[in-house]
**Student:** 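Got a structure here, written out as structure tokens. Questions coming.
Keep in mind that this is a model prediction, so the values were computed, not measured. Here is the naming used below: chain letters follow the sequence lines, and residue numbers restart at 1 for every chain.
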Number of protein chains: 2
Amino acid sequence: MSRLTSYRDIKKMVLDRIQSGAWPPGALIPRETELATEFGCARATINRALRELAQAGILERRRKAGTRVSMTPVRKATLDIPLIRQEVEESGATHRHRLLICKMSVPPAHIAARMGLPLERTALHVQTLHMADSAPYCLEDRWINPRVAPEALSADFATLSANEWLVQNIPISAGEIAFLAENASAADAEILNAAPGAALFVVERLTRIAQEAVTHVRIAYRPGYRMTTGI
Amino acid sequence: MSRLTSYRDIKKMVLDRIQSGAWPPGALIPRETELATEFGCARATINRALRELAQAGILERRRKAGTRVSMTPVRKATLDIPLIRQEVEESGATHRHRLLICKMSVPPAHIAARMGLPLERTALHVQTLHMADSAPYCLEDRWINPRVAPEALSADFATLSANEWLVQNIPISAGEIAFLAENASAADAEILNAAPGAALFVVERLTRIAQEAVTHVRIAYRPGYRMTTGI
DNA sequence: CAAGATAATATGTGCAGACATAATAACCAT
DNA sequence: ATGGTTATTATGTCTGCACATATTATCTTG
């Protein structure tokens, strides 16, 4: 007989009470010690279950005030940002990429500003077209701060994609990510084999290491792309 | 003197070793018992720290095999899906909404299919324009399964938005969410005061309660909208 | 009655120990 | 060598306990 009261079971049972309406949004639920008695387990087990539900945005907890069901339950979605290679290969297609640009040049002002680079300062510009089988999949347009990643200048992005190279050569860091929609420019359209003006799903990512921008990347997906996740 | 070895401190120190390059991507890190000895704390504390880092996608753990630094570190982004009212008000603007449509009708085939409704079966159609101050902010197009939420038929969506009503009246549930880009249709453009064909950022959400679809909502944001988060 | 001090309390976190489980490594028989 | 069995081991999780911390509730005092 397996253990009856894992924290997973507690999570399920609590979720069930919420979904059944027994504990409606806003309701205060019993305290940890009471639940521990009721379910016949340690308080630590209850704590872990409730903590994870709180992390998921389903519960809200405050010391002394207790735990209540969130009024705005569907609040957090966790997106996986896969390597493009993986994403393509998981769809069953073959991933290839073509290096379109790889040279030092002066980034557009808005990108320089976002990266905190002085105007007119050159950076490494790498543009890569990713393909699923023989169809364009997405266009990766990347600027790399040469001060932070000087080794990148001599890397061979034709064999290993810039993204994969960075992941393997630059330590983990913080940053911001944005999702937006843009009309395809003439150049985008040509490269992605799309109609000019087509709505493209765009992901922009700025990566920093200790305050300093390492790389700014804009990935524009082919028309029709959907980024999905469960909630 | 405060406690020196909280699980937060462990997380920081581990992260630091990763970011400093001491533990590069792919590296196997010491086992929990060793780290516990080194940091002078209980294994449970190490476990919690490493577990949370693994949840964040920074570490990968497998029984017996040990813990290693992820090869693909920036993998998960947690998006907050705020209530539109909150989102607008946090930007400093005043939120208003206008009920454009609220009646039973037959949903388009692709939506009926996604909701698992029989063809030609009517559902409650609610279309709401959300505004920040006096500018259009986003267009919410929602279909509600009357079998699951019959009370919705008599709700007054003019005062409380459909989203807020549902959150407060339907128990928490599972579902899927998708992010995509679409060219504005003539109708979209007119309502959102955008150019026809403008690229719109669209969020589609399907909410289920025990397998059965409750509601399908498509939210099309005004041109220029960016959904952002840290990573 | 109001403002500030004090007590009460629910969650937050740490520890030591135990057993469970998955996956590798070692071993053995063929 | 090879395939299957067994031992080993790192993480996964639970328990029971203790103390920390943030709030709320209460009590005191002017």
Side-chain angles (χ1 to χ4, degrees), chain A residues 1-15 17-18 22-71 73 75-76, chain B residues 1-15 17-18 22-71 73 75-76:
Chain A
M1 182 170 110
S2 71
R3 186 177 281 99
L4 284 174
T5 49
S6 78
Y7 77 99
R8 289 165 200 278
D9 298 329
I10 307 289
K11 278 177 78 169
K12 278 201 201 81
M13 289 190 274
V14 169
L15 251 181
R17 291 191 186 183
I18 295 173
W23 293 344
L28 195 66
I29 77 174
R31 42 186 144 268
E32 294 187 349
T33 49
E34 291 178 42
L35 290 173
T37 310
E38 181 190 339
F39 291 127
C41 65
R43 185 171 77 93
T45 306
I46 301 290
N47 181 274
R48 177 159 180 193
L50 298 187
R51 177 157 36 87
E52 292 195 359
L53 288 172
Q55 240 179 319
I58 293 176
L59 296 176
E60 283 170 10
R61 325 193 69 200
R62 269 166 56 224
R63 277 174 177 160
K64 165 77 182 177
T67 301
R68 52 182 68 240
V69 180
S70 173
M71 296 290 281
R75 278 191 337 185
K76 299 190 179 181
Chain B
M1 181 172 108
S2 71
R3 187 178 281 100
L4 284 173
T5 48
S6 79
Y7 77 98
R8 289 166 199 278
D9 298 330
I10 306 288
K11 279 176 78 170
K12 278 201 200 81
M13 289 190 274
V14 169
L15 250 182
R17 290 191 186 183
I18 294 173
W23 293 344
L28 195 66
I29 77 174
R31 44 189 139 256
E32 294 187 348
T33 50
E34 292 177 42
L35 290 173
T37 311
E38 182 191 338
F39 291 127
C41 65
R43 185 171 78 93
T45 306
I46 300 289
N47 181 274
R48 176 157 179 195
L50 298 187
R51 177 159 34 90
E52 292 195 359
L53 287 172
Q55 240 180 320
I58 292 176
L59 297 176
E60 282 171 9
R61 324 193 69 200
R62 269 164 57 223
R63 277 174 176 159
K64 164 78 180 177
T67 301
R68 51 181 71 238
V69 180
S70 172
M71 297 290 282
R75 279 190 338 185
K76 300 191 177 178

**Student:** To the nearest Å, give me how far apart CZ (Arg68(A)) and C1' (dT24(D)) are.
**Tutor:** 13 Å
**Student:** Select base, sugar-phosphate, or nothing to describe what Thr67(A) touches, counting heavy atoms under 4.0 Å on all strands.
**Tutor:**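 If one applies the 4.0 Å heavy-atom cut-off, Thr67(A) turns out to touch the sugar-phosphate alone, with no base involved.
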**Student:** What is the distance, to the nearest angstrom, from the CG atom on Leu28(B) to the P atom on dA23(C)?
**Tutor:** 16 Å
**Student:** Is Thr45(B) near enough to dT13(C) that one of its side-chain N or O atoms lies under 4.0 angstrom from OP1 or OP2?
**Tutor:**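 Answer is no, no contact under 4.0 Å.
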**Student:** Apply side chain to side chain donor-acceptor pair (under 3.5 Å) to Arg43(B) and list each qualifying residue two or more places apart in sequence or on a separate chain.
**Tutor:**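 For Arg43(B), the residues satisfying side chain to side chain donor-acceptor pair (under 3.5 Å) (neighbours in sequence not counted) are Glu32(B).
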**Student:** Taking the side chain as C-beta and beyond, is there a heavy-atom pair between Leu53(A) and Val14(A) under 4.5 Å?
**Tutor:**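 Contact flag for Leu53(A)/Val14(A) side chains = yes.
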**Student:** My understanding is that only residues two or more places apart in sequence, or in another chain, count here; which of them pass salt bridge (Lys or Arg N to Asp or Glu O under 4.0 Å) with Arg31(B)?
**Tutor:**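 For Arg31(B) the salt bridge (Lys or Arg N to Asp or Glu O under 4.0 Å) partners, ignoring immediate neighbours, are Glu34(B).
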**Student:** What is the distance from OH of Tyr7(A) to P of dA20(C), rounded to the nearest Å?
**Tutor:** 18 Å
**Student:** With a 3.5 Å cut-off and heavy atoms only, can you find an N or O donor on one side and an acceptor on the other between the side chain of Arg8(A) and the base of dT13(D)?
**Tutor:** no
**Student:** Just checking Arg43(A): base, sugar-phosphate only, or nothing, at a heavy-atom cut-off of under 4.0 Å?
**Tutor:**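 It contacts base atoms.
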**Student:** Ala65(B) side chain: which of dA16(C), dT23(D), dT24(C) is closest?
**Tutor:** dT24(C)
**Student:** Nearest whole angstrom, please: distance from the C1' of dT24(C) to the CZ of Arg61(B).
**Tutor:** 17 Å
**Student:** Less than 4.0 angstrom between a side-chain N/O of Asn47(B) and OP1 or OP2 of dG12(D), yes or no?
**Tutor:**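 Affirmative; the distance criterion is met.
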**Student:** Using the test side chain to side chain donor-acceptor pair (under 3.5 Å), find all partners of Thr67(A) that sit at least two apart in sequence or belong to another chain.
**Tutor:** Arg61(A)
**Student:** Once you round it to whole Å, what is the distance between P of dT13(C) and CZ of Arg51(B)?
**Tutor:**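 Taking atom P of dT13(C) as the reference, CZ of Arg51(B) is at 12 Å.
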**Student:** Should Arg48(A) be listed as having a side-chain N or O under 4.0 Å from OP1 or OP2 of dT13(D)?
**Tutor:** yes
**Student:** Tell me which of Gly66(A) and Gly40(B) sits closer to the 5' end of DNA chain C, going by the nucleotide each one is nearest to.
**Tutor:**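 Here Gly66(A) is the residue nearer the 5' end.
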**Student:** Looking only at side-chain atoms of Arg63(A), point me to the closest of dT15(D), dT13(D), dG12(C).
**Tutor:**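 Taking heavy atoms from C-beta onward, the closest nucleotide is dG12(C).
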**Student:** Rounded to whole angstrom units, what separation is found between the CD1 atom of Ile10(B) and the P atom of dG12(C)?
**Tutor:**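 These atoms are roughly 20 Å apart.
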**Student:** Extract from the structure each pairing of a protein N or O with an N or O of nucleotides 4-9 of chain C at less than 3.5 Å, listing the distance.
**Tutor:**
unit_1 : atom_1 : unit_2   : atom_2 : d
dT9(C) : O4'    : Lys64(A) : NZ     : 3.1

**Student:** Arg51(A): what forms a side chain to side chain donor-acceptor pair (under 3.5 Å) with it, not counting sequence neighbours?
**Tutor:** Asn47(A)
**Student:** Just how far, in rounded Å, is C1' of dG16(D) from CZ of Phe39(A)?
**Tutor:** 20 Å
**Student:** Please state how far atom CD in Glu32(A) lies from atom P in dA22(D), giving the value in whole angstrom units.
**Tutor:**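 For the pair Glu32(A) CD and dA22(D) P, the rounded distance is 17 Å.
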**Student:** Mark yes or no for whether Arg68(A), through its side chain, and Glu60(A), through its backbone, hold a donor-acceptor pair below 3.5 Å.
**Tutor:** no
**Student:** Could you tell me which residues satisfy salt bridge (Lys or Arg N to Asp or Glu O under 4.0 Å) with Arg17(B), sequence neighbours excluded, listed by chain and number?
**Tutor:**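 Listed in chain order: Glu38(B).
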